[in-house]
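One structure is given here, and the rest of the page talks about it.
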Number of protein chains: 2
Amino acid sequence: MKTPEELVARFREQGYKVTPQRQLIFRLLDGNTAHPTAETLYEVAAQQMPGISLRTVYQTLSELSAMGEVQHIDLGSGAVRFDPNVDDHHHVVCSTCGVVHDVYVNQTPLHFEGDVEGFAVHSTRIVFSGECAQCAHLSA
Amino acid sequence: MKTPEELVARFREQGYKVTPQRQLIFRLLDGNTAHPTAETLYEVAAQQMPGISLRTVYQTLSELSAMGEVQHIDLGSGAVRFDPNVDDHHHVVCSTCGVVHDVYVNQTPLHFEGDVEGFAVHSTRIVFSGECAQCAHLSA
DNA sequence: TGTTAGTTAGCACGACTTGTTGATTAGCAG
DNA sequence: CTGCTAATCAACAAGTCGTGCTAACTAACA
Ligand SMILES: [Mn+2]
Ligand SMILES: [Mn+2]
Ligand SMILES: [Zn+2]
Ligand SMILES: [Zn+2]
């Protein structure tokens, strides 16, 4: 994702108004590695701006997603997570606590075999599931 | 997934009754590479057994899933898909028509880098997204 | 044959997300 | 500064996917 300042400029270019709500969300996403859901982002936002609506958070996230500034990650476990990291990267997910971390796989592009003649791969998503160090420690 | 005959035996062992509905679903899943949703499986089932309920299809799929006989695949695009192929395999998905095919990746286990000290990987899921040959042909 | 699990219809609910409406606020171009 | 208009908000509804529940009926299996 671009910096909050650059996003302000891009929003102005696109004819979108630069509201305090949008700017707050830009800042909350900047450098955010928590892979938050709309709901969790809303909760943090509401602390700094009581009265902001969940609807607006969803709306702004959709705009950023449409602009390619955030990625949305559906891990199949409840709500979609949003990711300001749009580098070519992948994720490890703890099945116990749900924490998501970025990982980088250098063997990509991967080679695969199967009955898929002529299939043009545009993107590859890898999710490693397991148990994080903290959860392993607690359960021991 | 085991054969329908073996599943009949396993269900009896577990104290589950072997109903015509369950047997029909066993047969519909046997060798099925379509990665159907509960809904699409229900539609096919209802042709052969009018009156079967969607509820029962969901129920039986849950039982098979709990037994490890089918895998459920959440591609983040609508309903969960069910897969009687429980081998270690991955998927290619056409973004246009939604078709899902099995693929096998032989570089697994994959090596990754990131801030994930002590994370124990239990499973790896890879999804290749792109455009299938048919869709490429149609759009050309 | 009897017990009991399974099935069904029907309705509701829950989670997540989007749509709508109508009133209010405020960004920003001129 | 002013005015146009987008944005926000509250409130409510709706849609999708999946599950829960009930009550009545059916049928598997001991
Ligand atoms: Mn990420
Ligand atoms: Mn498969
Ligand atoms: Zn954990
Ligand atoms: Zn296709």
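Each chain gets a letter, A, B and so on, in the order its sequence line appears, and its residues count up from 1. Keep in mind that the numbers below use all heavy atoms, side chains included, and drop hydrogens, waters and symmetry copies.
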Next item on the list: Look at the side chain of A/R55 and the base of C/dG19, then say whether one donor and one acceptor between them are separated by less than 3.5 Å.
Entry: yes
**Message:** So, OP1 or OP2 of C/dA26: does either fall under 4.0 Å of a side-chain N or O from A/Q21?
**Reply:** no
### Task
Kindly say whether the aromatic ring centers of B/F112 and A/F128 come within a distance under 6.0 Å.
yes
Practice item. Taking the six-membered ring for Trp and the full ring for Phe, Tyr or His, determine whether the centres of B/F26 and B/F11 are under 6.0 Å apart. Key: yes
To the nearest angstrom, the OH-P distance between B/Y58 and C/dA9 comes to 16 Å
query: Taking the six-membered ring where the residue is Trp, are the ring centres of B/H91 and B/H35 under 6.0 Å apart?
result: yes
When rounded to whole Å, the CD to P distance for the pair A/Q14 and C/dC28 reads 14 Å
Per-nucleotide protein contact along nucleotides 22-30 of chain D, 5' to 3', at a 4.0 Å heavy-atom cut-off (B base, S sugar-phosphate only, - neither), is ------BS-
It should be established whether B/Q59 places a side-chain nitrogen or oxygen under 4.0 Å from OP1 or OP2 of nucleotide D/dT19. no
Keeping B/T56 on the side-chain end and B/I52 on the backbone end, is there a donor-acceptor pair under 3.5 Å? no
Separation of D/dT8 atom C1' from A/I52 atom CD1, nearest Å, is 9 Å
Rounded to whole Å, the NE2-P distance (A/H72 to C/dC16) equals 16 Å
Rounded to whole Å, CG of A/L54 lies from P of D/dA11 at a distance of 14 Å
Can you check whether B/Y58's main-chain N or O pairs, donor with acceptor, with B/S62's side chain at less than 3.5 Å? yes
Whole-Å distance, B/I73 CD1 to D/dC17 P, equals 17 Å
Note to self: For B/M49 and B/Q21: C-alpha separation, side-chain torsions, deciding distance, then whether side chain to side chain contact (heavy atoms under 4.5 Å, CB included) applies.
What the structure shows: CA-CA 8 Å; B/M49 186 185 286; B/Q21 289 89 345; 3.6 Å; yes
Considering only heavy side-chain atoms of A/A79, the closest of C/dG6, C/dC16, D/dC17 is C/dC16
Rounded to whole Å, CG of B/L24 lies from C1' of C/dT7 at a distance of 14 Å
In terms of heavy-atom contacts, A/I126 and A/T108 come closest through CD1-CG2, 4.5 Å
Here the distance between atom P of C/dC16 and atom CG of A/D74, to the nearest Å, is 11 Å
